[in-house]
Each structure stands twice: as C-alpha cells, then as structure tokens.
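To keep things clear, I will list the structure first and then write my remarks on it.
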Amino acid sequence: MTGPCLKRISVGVPVLVLSVLLSAALFPWLLAPISPGTLDSPYLQPDARHLLGTDSIGQDLLSELIYSARISLCVAFLASFAATFLGTLVGMVSGYCEGAWDQWLMRVTDVFLLVPALPLIILLTAYMDAGVLGIALVIGVTAWPATARVVRANVRQERGKNYIRSAQAFGAGNLYVMTVHILPNISQLVLAKGTLVAASAMVAEAGVSFLGLGDPNYKSWGAMLHEAFTGGGLLNGAYLWYMSPIVCISLTVLCLTLLGQRWIEADEEDTLVVGARGKDVPRSSFPHKTPRLRVKGLSVDFLKRDGTVFRALDQLEMTVNGNERLAVVGETGSGKSVLLLALMGLLPRNAAVTGEILYGGMNLCALSEKGFQRLRGKHAAYVPQGAGQALNPMMRVGSQVAEPARVHLKMPKDRAMGLAVEMLAKMGIFPAHRRIGEYPHQYSGGMIQRALTAMGLISGASLILLDEPTKGLDPRSRDHMLRVLKGLEQKTIVMVTHDLAFAQGFADRIGVMLGARLVEMADTAGFFKRPLHPYARALLKAQPRQGLQGMGPYHHQFFHPEGCPFSARCETAFSKCRVMPPMTDMGGRFVRCWRHVA
Amino acid sequence: MAFLRGKLWRYGLCLFFVLALNFFIVQLMPGDPLVHLVGEETYFHLERTNPRALADLRAKYGLDRPVAQRFLSSMVQLARFRLGWSFHYGQPVAQILLYRLKWTLVLLCPAVFVSSLLGLFLGCLSGRPGGNWADRALTPLFLTLYSVPAYCLAFLLLLAFLSFGDFFPLGGMRDPGAGVSIWDVWRHMLLPQAVLVLHATSYLYVIMRSTVRQIFREAYVITALGKGVKPDGVLLRHVLPNALPPYATAVAVNFGFIAGGALLVEVVFSWQGMGSLMYEAVMARDYPILWGCFLVLSLSVIGANALADIFCAAVDPRIRDDRPVS
C-alpha cells in the first residue's frame, strides 16, 4: 500500500463510510424508510418496499439496521472514550513519574492485559444486568491497558528531550509540563489508539449482545444477530437478517482499523530497507585484482515522508587507486557513512542515487540487488560501526564472523569456524577458540568492533570499507588495529573516521568532507603539514595535540545556503563565499575554497 | 533467573486479582448474594415456602460469617478446585467444566497451533522488504478478515456451506445416534476450526508482518546484507531468530482473545464446549458456572503466557544471562 493516491483513498474511504454510519446513528428517522413500530408479514423477501426484507415479527430490516446503528456506535465510542481517558491518564502518570508509582501502575496494567477480556466482559455484564451505559463502561474498563502501555513508552521518550528539561528548569510544575508540553506531542498517538479501541469495543459489544446480554430496550447490531439466531433466521431463509448486521459491524471495524493504523504509521520513521534497482551482471565480470575505484558526480538524495528531499551527498568526485589507503574525515552528518553505504548498495529505498561508481570496469550505480549481492562480502567488504546492534544478538559471534567465508568461499562449517578463530586472534581477541562461542552481549564495545573487522577481512575481499573502526577502542587495541590494517596487502581501503591521528598513521591520502561535499583531498604528509581548506585547518587545531582549539564563533555575514558550507564559521570568508567554490587542482592536491582559486 | 521470577510475580498477582474478583463481585452486587449462588427460582421459591431451608443454605455457603473469614475459606475451596454447585445443571461446577473444557481444547488447540504457524510463515513472506506480491495480496485479505468478528465469520461460512450440508455438518459435535468416532468428530469440527484458523491467523499475520518489518531496520540486518548474505538467508538466519520471541509472546497475549472468539463460534455451531456452556449459563443466569468458565479461561491464558516466557528464556541468550533485551 504505497503511493500518495492510495494513501488518500485509505483515509478518505473510511472517513466517508464512517460519516454515513454516524449520520444514520444521529438522524435515523431521516434515513429509515419505515418507522420501527410498523409491522408487515414476517420473513418477507427483499422487494421495493422492504429493501432487505422483514424479520420474524415483520419489522423492516433496513429500518431496524439504521436504528440499531445508534446503540452500536454509541457503545463503541463511549467505551473507547473511557478506555482512552483512563489509559492516557495511567500511561502519563506512569511514564512521567519514575519509581514506585510507575512500577505499581505497570503491574496493575500487566494484570489487566493478562485477563481474557471477552469472558470478563460477559461475566461483569451478566452480574450487573448492565444497560447500555454499563456495557460501555465495562468494555472501557477492560480495554485501557494497551493504551496505557503505549502512552507510557512515548511519554518516557518525550520526557528525556531538551524542551521538557528546560521547561522544568524554568520552574514549570509537573501537571503543567504534562498537560501543556507532553500531551500535545502524543495526541496523535492517543487519537490513533482511541480509534483502534473503538473498533475492538464494537466487536466486544456485538459479542455480548449476540449472547443476549444486551439492553433489551435498546437494540444494537449485535442484538439483531442474537434475534436472528434465536428467531430461526436460517431455517426461514432470512439470510439478510444475518448478513446486514454482519456487514455493518465488519465495515465499521475495518474503517476504524484502517484509520487508526494510518495514524500510527504516520508517526513511524521511514522504512530503512535496502535495495538497488539496476541490472544484473554475470559472476565472471567481477575483477580478481585490486582495481581502481572511481566515483564520478555521485549524489544521494533522501526522499522524506513529508515530501521534502534531503541531499546527503552532492556531486562527489574522487579516485582511489588500487592498493591505496584513503581516510575520509569530517564532522558527523557530512555524508561519510552514506558514501560507504552507497558504494555497497546498502542505502535505504527512499534514497535516490545518481552519478557513477566505477570499479573494475563496472558502474556500481547501475547494479541490481542481485549484482550487489555478488559484490558484497566477496569483492568489497563493509565493516560497520560497532555502536548499536551491529551484531545479531541471537547468533554466536563465531558463526557471524564465519558467515562470509561460508557464503562466498563455500567453506564447510568446521573450516570456516577455524578461520574465524584465526581472524579473531589476529584482531587481538583471546582466547579466540572460546570467544567464538559467545554471544554479542558478552563482548565489550571494542571487542565487537574488532569482531566486525575480522568479519570484513575473512573472505579476502580486495576493497575494504571501514566505518569508524577505532570507535570504542582503548589505546592499545587501537594501535593493534592500526598494525593489522597496515599489514594488509593487495587491498584498497576506504576508511571513514573522526580519529585524525589514526588516519595520519594509516592512510596514504586524506579526504575531508563537509556538508555533503568533498572539500579537500591531499596526500597524508602534505595534509598534516599544511592543510589548505580553512575547515581542515580548524579540524587539525581542534586535536588534543594542538590544544583543543575550538572553532570560531558563527557569523553570517558571507553565509549563503548554496555557498560554501563553512563560510559561517570561516575566519577568512569574503563576499565570494556566498557561491559554492569549485574543486581546484593544486598540483595533485584538491581543495574547494575561493582563497585557492587562482 | 530474574526474568522468570519477575514474570512469576505477575502471574501470581493476576491470579489473585481473578480470585478476589470472584469473591468481591458477589459481595458487592446489590441484593442477597445467595441469589447468585442458588439461582433466582430456588431463592424466591424457598423464600416463600421454606425460610428455614434458606437460612440453612446461607449457613452452608458461610454467608453468615464475617467477610475476612469468608474470603479465606473461599480461597481454600478454590485451592481444592471446589468451584461450587450449578443449580441449572444440578452438578458440581468443576465436573461440568472439565467435561466441556476438553471439547473446547479439542477445537482450540489445533486451531491455535495451525494459525500460529500460518501467521509466522505468511507474516515472514510479506514482511520482507520491498514491494512484494505476498504483501500486496495478503495484507488486504487479512485486514478484512481481521475486521470480521469470529462468530460473524462463522455465520458467513454457515451461509456459504448450507448447500454442502451433507459433508459439512452445520452444527453439533457428532451425528445423533452414532457413537463417538474420530472421523465423525473431525467432520463436525472442520467448519468451526476453519473459522478459528482464519480469524486467529489474521491477527497473528499482522503481528508477524510488523515484527519482521521492524527487524529489517536493525543494524545487524544491514551488517548481514553487507556480508553478501542473500535476502532469504538474512530472513532465515538473522531476522527469524530475532522475531520468534516477540512473536511467541504475541501469540500468548492473543490467546485469550482467540479463546474469547472461540466461545462465540461454539455457540454458532452448537459445539458443546465452554462457549456453549457460557451461553447456556447466561440464559439461565447460572452465575457459579459463568464464574468457573472465567476462572478456567484466565488460568489457560496465564498458562499460555508462562509457556511463551519459558520459550523466550530458552531461545534468547540475553535472557539466559539476565541481560536487558533492547
């Protein structure tokens, strides 16, 4: 169910159907062709006067159906209101106040979640001989826990955000923060949950009434089914007596569910699903040596759900020679990781990739998902960041490290595991033969990073892409990592890092990224001796060795959204910086700065 | 293990709640609690003809003793599985329940088993990333089924199969006059079970699909894809093991819901299980039976949840090591 057109239908149609039903509930006398007291002969088949026929006492079924809508909808909405109110209250208090309150409220919620709802509703209504209001209340009281849990989770998330902290710092009371700051932010979720609860309340009411527990004075759709069932509708061929309330109940529930789901999904983030759409290539066309990697005019645009486009990479040009080691540095969000993912075809589906990535005579941008599967792991290995859940928590580390060898080198299990032990030991994980049997939660952050690196190196790919390989490593294992990476032969390596000292020790060349663009590309020695771009200079100054000098204050004198992204913080900015400078060749070094344009 | 200990707490509390509810609901109802225990007919009959016998009954049920003492003694009774006397059937409630429960389980257990496998398989199929045919075909289908209450679905199937009545009996559990044969029971069971499977699968399918979709966003799935593992391998080795524990929990949580639906389906097909029993009890206002049904159903839901928790603890290495599952 994708595409804006389908989306509009999936909201529009339910709203339309529900409004028709609601108007039937509000003004039944306007829509019903025959007033409910009028009796005709029983079990009449549908004709012009009785569009749906009559029931066992000769009541017009269509009119009965329209008059019954009121009670069915009434109970559903009343119950939903009660449950949503109670659930939101409990969820907010529980999510906002930590500690004993939260704990006990959640215990109560858990208990209510566990008790089977329909039998409890039947039991309570039977005991209470409940009327319409009573039934609605009973359903509401049993339906709140799910809402409470979801609200609690969202309130907890919201509470940690900065604007709440600052409101509290300014002395806002708890009640004020909850109602004025938090409630508006979860209102859509509450609305969605309320709609879904209305759907299940409608089902519950129909079930209770079907058992004959409904209020005999006020008929609902469920009560119609009860009458059809006990009044011998099947034997007398009055199928529509069954069908019409069934269709009405199901249609209402379907519409409410569709609406609720749509509102909940609108809150969800974009699906990060990988997939390339180019053409397939035969296995043999992949290179066996270590060829040159050329990136030409590579741009990546993310299409957001609200229709806006975010450009993560802009017209990137670079060349990495065979057996060369390149380190890409730059601040978070400058597009470094996106570059690596684009090279592997691992970008989510909402990313549009243009340009060319030439590797061994192939354009990777034109590859299909199948083509990429042949590339990944075997010819190009990707080592992700160890932060977060980069390793499968349900699988032993050894099996995960050995997986590329089993998939690409078609190794039997024991040999692949032997190789995994070797690789882990090489990365400094001891005792490796025991450690391979452990799960990721038994590893420290640095060990996960090293295991990921071992996984990347195990299948002997010639192009290695590393995403911050030193994150979470202590100085000793960092040096070890450097030695291992420098000891690799016949490999082209692209590494993304924040660690300039590591880059200096490791790389042949350094690339600097800023605001989705490459702003400098230079040989390592030259770069560290004399960085050309003002941003690169600021980066080096911010290193501990240089005394951690911060960047200058923001000044927007020469800043323009389409100009040099550093101009707002650049000490040497001038009027030309409002326009994006071109990449200038300075005799083998490249820099994107107007100060260096001859 | 801390995980199972915490869960045990929860079940204990729930059980206490269910038991206490039984006691207090009878106490809090307006009018004489004895009415709920012996039935309106007997009560008013005795009140007119033999007030002494009524007083004896009151003493027999202990209604003349203080509340705390009555609460304790009712708990003791429950612990010995003495659930009271059904005035409608003239039998102990526990005995009737055990007989009826058997037939409900015969209907329910295979249906839950089949639908959890179906939900697992189909949910995996259409939870896979990208626009796939399974998602486009199955999601609208199951969303529609999801919206039809189980007993309504039962009616629809009944209406549809009216003409095949020879092979698919439209109600009851066996042919009148014939003895119990497996073939006969199976024939009668087919339609109600089909309803339950369709209904339960629609719920479980939706859950599994969204679980799989969520897991496909996890970092370790990108790692696996980056290794060059084929999508089917990623699904089987990386996504499925991570989806199983939440799915098992969801099946258990929905067990109560599916059982609730099964009760009404039994009524439609006049299947002589707990559902029909509840229906008859509602009609006769036989409260001890109603209460007993609720207790047995609560116990089975707690049991299902406990099974799911044990499954999670057995499968998830983090739970085995008492680590938080994020």
Side-chain angles (χ1 to χ4, degrees), chain A residues 1-2 107 110-111 113-120 122-123 126-128 203 206-207 210-213 229 234 239 242-243 246 249-250 253-254 257-258 271-275 344 346 349 373-378 382 384 388-395 403-404 407-408 439 441-442 452 455, chain B residues 10 13-14 17-18 25 29 129-131 139 143-144 146-149 151-152 155-156 158-159 213 216-220 222-230 237-238 241-242 253 256-257 259-260 263-264 267 278-279 282-283 285 287 290-291 293-294 297-298 301-302 305 316-318 321 323:
Chain A
M1 282 186 272
T2 47
R107 283 219 174 121
D110 275 351
V111 165
L113 266 180
L114 216 51
V115 176
L118 189 66
L120 180 61
I122 293 173
L123 186 75
Y127 264 108
M128 290 167 54
V203 173
F210 167 64
L211 281 181
L213 280 169
F229 185 57
L234 267 188
Y239 301 141
Y242 291 94
M243 286 301 288
I246 288 178
I249 294 169
S250 309
V253 172
L254 180 64
T257 311
L258 282 177
T271 341
L272 287 178
V273 171
V274 168
M344 296 296 290
L346 285 173
R349 268 185 185 260
Q373 280 162 30
R374 295 199 175 124
L375 174 84
R376 291 179 199 143
K378 186 161 193 183
Y382 168 62
Q389 293 206 348
L391 284 176
N392 182 350
M394 301 283 277
M395 197 171 176
E403 206 171 7
V407 171
H408 298 295
Y439 288 94
H441 71 263
Q442 292 163 294
L452 284 167
M455 187 195 291
Chain B
R10 184 181 163 207
L13 213 63
C14 182
F17 168 78
V18 167
I25 207 167
M29 282 301 116
T139 303
L143 211 61
T144 312
Y146 179 94
S147 308
V148 185
Y151 63 97
C152 291
F155 276 129
L156 292 182
L158 260 186
L159 293 176
R213 281 168 70 106
F216 259 104
R217 276 180 230 154
E218 297 282 347
Y220 53 79
I222 304 287
T223 307
L225 287 168
K227 280 191 261 189
V229 181
K230 297 211 169 72
R237 281 204 295 278
H238 295 274
N242 282 284
V253 167
F257 190 84
L263 297 182
L264 299 179
V267 174
M278 253 186 138
Y279 180 61
V282 164
M283 286 297 178
R285 290 291 193 269
Y287 295 100
L290 263 187
W291 156 250
C293 289
F294 175 61
L297 284 169
S298 303
V301 171
I302 290 178
N305 275 276
D316 194 327
R318 288 165 295 178
D321 291 352
R323 289 298 185 84

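Worth saying up front: this structure is predicted, and the values here are computed from it rather than measured. Each chain gets a letter, A, B and so on, in the order the sequences are listed, and its residues count up from 1.
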Residue [X] versus chain A: region with a heavy atom under 4.5 Å:
| X | result |
| --- | --- |
| B:Y279 | both |
| B:V267 | both |
| B:Y287 | both |
| B:V148 | both |
| B:L264 | both |
| B:R10 | both |

Checklist entry - Distance from B:L156 atom CG to A:Y242 atom OH, nearest 0.5 Å? => result 11.5 Å
Next on the checklist: For B:Y151 and A:F210, take the angle between the two ring planes, folded into 0 to 90°, and tell me which bin it lands in: parallel under 30, tilted 30 to 60, perpendicular over 60.
Outcome noted: parallel
Output the option from [options] having the highest count of non-hydrogen pairs under 4.5 Å with chain B.
| options | value |
| --- | --- |
| A:S250, A:P384, A:G377 | A:S250 |
| A:G207, A:G212, A:P393 | A:P393 |
| A:L391, A:L452, A:I249, A:V407 | A:L391 |
| A:V203, A:V253, A:L118 | A:V253 |
| A:M344, A:M455, A:M243 | A:M455 |

Which portion of [X] sits near chain B, non-hydrogen atoms under 4.5 angstrom:
| X | value |
| --- | --- |
| A:P404 | both |
| A:M394 | both |
| A:A117 | neither |
| A:L120 | both |

Checklist entry - Which residue out of B:G226, B:G260, B:G256 racks up the most heavy-atom pairs below 4.5 Å with chain A? => result B:G226
Checklist entry - Pick from B:I302, B:V18, B:T144, B:D316: which one has the most heavy-atom pairs with chain A under 4.5 Å? => result B:D316
Next on the checklist: Does B:V253 form a side-chain contact (heavy atoms from CB on, under 4.5 Å) with A:L113? I'd like the steps, not just the answer.
Outcome noted: CA-CA 8 Å; B:V253 167; A:L113 266 180; 5.5 Å; no
Checklist entry - Any idea which heavy atoms bring A:L258 and B:L143 closest together, and the distance? => result CD2-CD2, 3.3 Å
Checklist entry - Would A:Q442 and A:Y439 satisfy side-chain contact (heavy atoms from CB on, under 4.5 Å), going step by step from the backbone distance to the final call? => result CA-CA 6 Å; A:Q442 292 163 294; A:Y439 288 94; 3.7 Å; yes
Next on the checklist: Among residues at least two apart in sequence or on other chains, which ones pass side-chain hydrogen bond (donor to acceptor under 3.5 Å, both in side chains) with B:Y220?
Outcome noted: B:N242
Checklist outcome for this item: Those residues at least two apart in sequence (or on a different chain) that pass side-chain hydrogen bond (donor to acceptor under 3.5 Å, both in side chains) with A:H408 are none
Item to check | Residues B:L297, B:L263; criterion side-chain contact (heavy atoms from CB on, under 4.5 Å); working and verdict | outcome: CA-CA 10 Å; B:L297 284 169; B:L263 297 182; 3.7 Å; yes
Item to check | Side chain proximity check, B:P241 to A:M395, heavy atoms < 4.5 angstrom | outcome: no
Checklist entry - Hey, mind stepping through A:Y127 and A:L123 against side-chain contact (heavy atoms from CB on, under 4.5 Å) and telling me if it holds? => result CA-CA 6 Å; A:Y127 264 108; A:L123 186 75; 3.8 Å; yes
Checklist entry - Just by modelled atom types, is the A:H441 backbone N or O under 3.5 Å from a matching donor or acceptor in the B:R318 side chain? => result no
